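Report on the structure given below.
Just so it is clear, the structure is predicted and the values come from calculations on it, not from any experiment. This chain uses plain numbering: 1 for the first residue, then up along the sequence.
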Amino acid sequence: MKRAFIIFLCAVLFCLSLCSCKKNPESTFPPSEESTTLSTAETKPQPTQFKAVVGYYSSDSLNPYKTKSRTNQCIAPLVYDSLFKVNENYEALPSLAESIEIDGKKVTVALKSGLSFSDGNAITAADVAHSFVLAKSSPLYSGRLSNVASCTDSVDTLIFTLYVPDIFVAACLDFPVIERGSGKKEIPTGSGRYILKKQDGAYLLTASENSTSEEVMEQETVHLLDIGTTENQIYLLRTGALSCFFDPDGKKSNQKTDAAVSKVMLNNLVFLGFNSENELLSDARVRRAIALLTDKDEVAASAYDSMAQSAFCVFNPRFSAAAAFNELSTVADPIAAASLLDECSLKLRSPASKVRLTKEGNLAFLRLVVNDDERRVKAANLIKSRLEKGGFTVELSKLSFDEYTAAIESGNFDLYLGEVRLSANMDLTPFFSSAGKARYGIDLKSPLCYAYFDYKEGKIDISTFENVFEEEMCFLPLCYRMGAVYYSRPLSFEGAPTESDIYSNIYSWSF
């Protein structure tokens, strides 16, 4: 009897222990299929509520005519329309403008009818003329408008007067149009896709009901984040604090990141300048030989980490008017170069030698000057190596920026590696004007200079000008740089950004 009671007690305790195991969340028994599903549903992280966020600097103005930073400048096309917008092929497309007529130095632009600012007030020619005056005095727009002497308005028409005729001037008429009387406001009134306003101490972009844009805005509200002194915007992107940002140098392209990246062609030309006063380089055949010895593809891929595109001709590879030249070679041709150098009596010291001598028996010596920018130094070394294989003796001088500038301005160079940012109308006057920043070493009375201004005025076509350029080769276009736009991985988008409108595809942003 006692034994039976003990057995019964053990059985009860065993059952109780089983019940206890079932209720214990830390039980080591494998759960059933049903309990696995339930557990997963309970612990599955809920999707984060993303919002569109772009960066800006609170230390800089958001007024399009006062802003200085490239980051703040990128916001302006969202808030302000212009007469024309420049697309990825550097074509000027009408925005507020209905039409343009170019007659020598006189440019007549007609406005579209029924246009209004975000506050509902009509856009008039007087508003555009007022904005032109602001643009002419703005560091950001004064350069591209330097050839525009004046602007007068009459009803719905504007008449611009140029100093020199320019058949591509429409690409320079992309300055923001603001409402008269709002220029002194912290944020002037525009007519763009968004209205920029301040709410609870923070800036917001809200979709404008009066915008003429036909794009359906996926993001009706875009938040602005003050990135201040933050250097690691990749981190902000990864954490979701930022949706998108623009890196105009393209130097972050090698960083490991989960971000989606879109390359943006810039109108920044990297070139090799020649000092025409040098006895060797005064001969166009020697300049052409140096061009043939230089491998543009190598410079773009190696020195600029593929964040540049080889220059097929003097103009940007994306420039629609120069599309016919995209078949020109961008790789080195040492055999053709050697033939030209032989023709110039720059003979090899001996049949087995790789060193060329002048008529006087001196070394074919060249001093190549470069500043201390890492990528330019790498490009200079690549060029130096190629020229030495072609028979030149090259001394590479790596200087600080001030020393580099002084050497170029004083003519203390034979070759120099430079970069110039061209305006959207592909204006080459920085090379061919007495006040141009890239004029050094160029004979401003050369046939090429005259040919350029004939082309700019429409007297000769682009093919004729390019033929003269290839013959004279007053400087060597190497490549055009690229920037990069980074997008947060949760963000999906269509289309590609352009240099003139980094957030051009914002209408398609979705999460």
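When the shell of 6.0 Å around NZ of K398 is examined, it contains 12 or fewer heavy atoms from other residues, nucleotides or ligands. When the shell of 6.0 Å around OH of Y235 is examined, it contains 12 or fewer heavy atoms from other residues, nucleotides or ligands. Residue K105 qualifies as open at atom NZ: its count of foreign heavy atoms under 6.0 Å is 12 or below.
Residues L158 and T108 are not in side-chain contact: their nearest non-hydrogen atoms beyond the backbone lie 4.5 Å or more apart. L417 has its side chain within reach of L272: a pair of non-hydrogen atoms, C-beta onward, lies under 4.5 Å apart. Within the 4.5 Å cutoff, the side chain of I290 has heavy atoms near those of the T294 side chain. The shortest distance between side-chain heavy atoms of I187 and N63 does not fall below 4.5 Å. Looking only at side-chain heavy atoms (C-beta outward), L348 and V355 stay at 4.5 Å or farther from each other. Using a 4.5 Å heavy-atom cutoff, the side chains of T67 and Y56 are not in contact. Contact check for R386 versus E298: side-chain heavy atoms found under the 4.5 Å cut-off. Side chains of P176 and Y65 form a contact here, defined as non-hydrogen atoms less than 4.5 Å apart.
Between L173 and S82, the shortest heavy-atom distance links the atoms O-CB, 4.2 Å. Closest of all the heavy-atom pairs between V261 and A484 is CG1-CB, 3.9 Å. Contact record, F413 with N275: O-ND2, 2.9 Å, taken as the closest heavy-atom pair. Contact record, A289 with A337: O-CB, 3.6 Å, taken as the closest heavy-atom pair.
Panel note: side chain S182, backbone P188; no donor-acceptor pair is recorded below 3.5 Å. Looking at R367, its side chain does come within 3.5 Å of a backbone N or O of N412 through a donor-acceptor pair. Within the 3.5 Å criterion, the main-chain N or O of V299 finds no donor-acceptor partner in the side chain of S302. Side-chain atoms of S138 come within 3.5 Å of backbone N or O of L140 as a donor-acceptor pair. S410 contributes a side-chain N or O that, together with a main-chain N or O of A406, makes up a donor-acceptor pair within less than 3.5 Å.
Expressed to the nearest 0.5 Å, how far NZ of K347 lies from CZ of R356 amounts to 8.0 Å. To the nearest 0.5 Å, atoms SG (C344) and CZ (R285) are separated by 4.0 Å. Going from atom CG of D153 over to atom CG of D127 covers 9.0 Å, rounded to the nearest 0.5 Å. Going from atom OG of S433 over to atom CD1 of I442 covers 11.0 Å, rounded to the nearest 0.5 Å.
Aromatic ring centres of Y80 and Y194 lie farther apart than the 6.0 Å criterion allows. Between Y57 and Y203, the gap from one ring centroid to the other reaches at least 6.0 Å.
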Would Y141 and F175 count as a ring pair (Phe, Tyr, Trp, His ring centres under 6.0 Å) if you check the C-alpha gap in whole Å, the side-chain angles of each, and the deciding distance to 0.1 Å?
CA-CA 7 Å; Y141 296 96; F175 54 88; 7.4 Å; no
Start with the C-alpha distance between F469 and F475, add both sets of side-chain angles, then the distance that settles ring pair (Phe, Tyr, Trp, His ring centres under 6.0 Å), and finish with yes or no.
CA-CA 9 Å; F469 183 89; F475 63 93; 5.2 Å; yes
- request: Mind running ring pair (Phe, Tyr, Trp, His ring centres under 6.0 Å) on F271 and Y416 for me, showing each step along the way?
  value: CA-CA 8 Å; F271 66 93; Y416 81 95; 5.6 Å; yes
Test ring pair (Phe, Tyr, Trp, His ring centres under 6.0 Å) applied to F160 and F132, step by step | CA-CA 10 Å; F160 297 93; F132 168 78; 5.7 Å; yes
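Y90 meets the ring-ring contact (aromatic ring centres under 6.0 Å, His included) test with no other residue; sequence neighbours excluded. Taking Y452 as the reference, F432, F465 meet the ring-ring contact (aromatic ring centres under 6.0 Å, His included) condition, with sequence neighbours excluded.
A salt bridge links E388 to K384: at least one charged side-chain nitrogen sits closer than 4.0 Å to a carboxylate oxygen.
N425 pairs in a side chain to side chain donor-acceptor pair (under 3.5 Å) with only one of the listed residues (N147, D166, D174, N267), which is D166. Test K437, R144, K456 against D427 for salt bridge (Lys or Arg N to Asp or Glu O under 4.0 Å) and you get one pass: K456.
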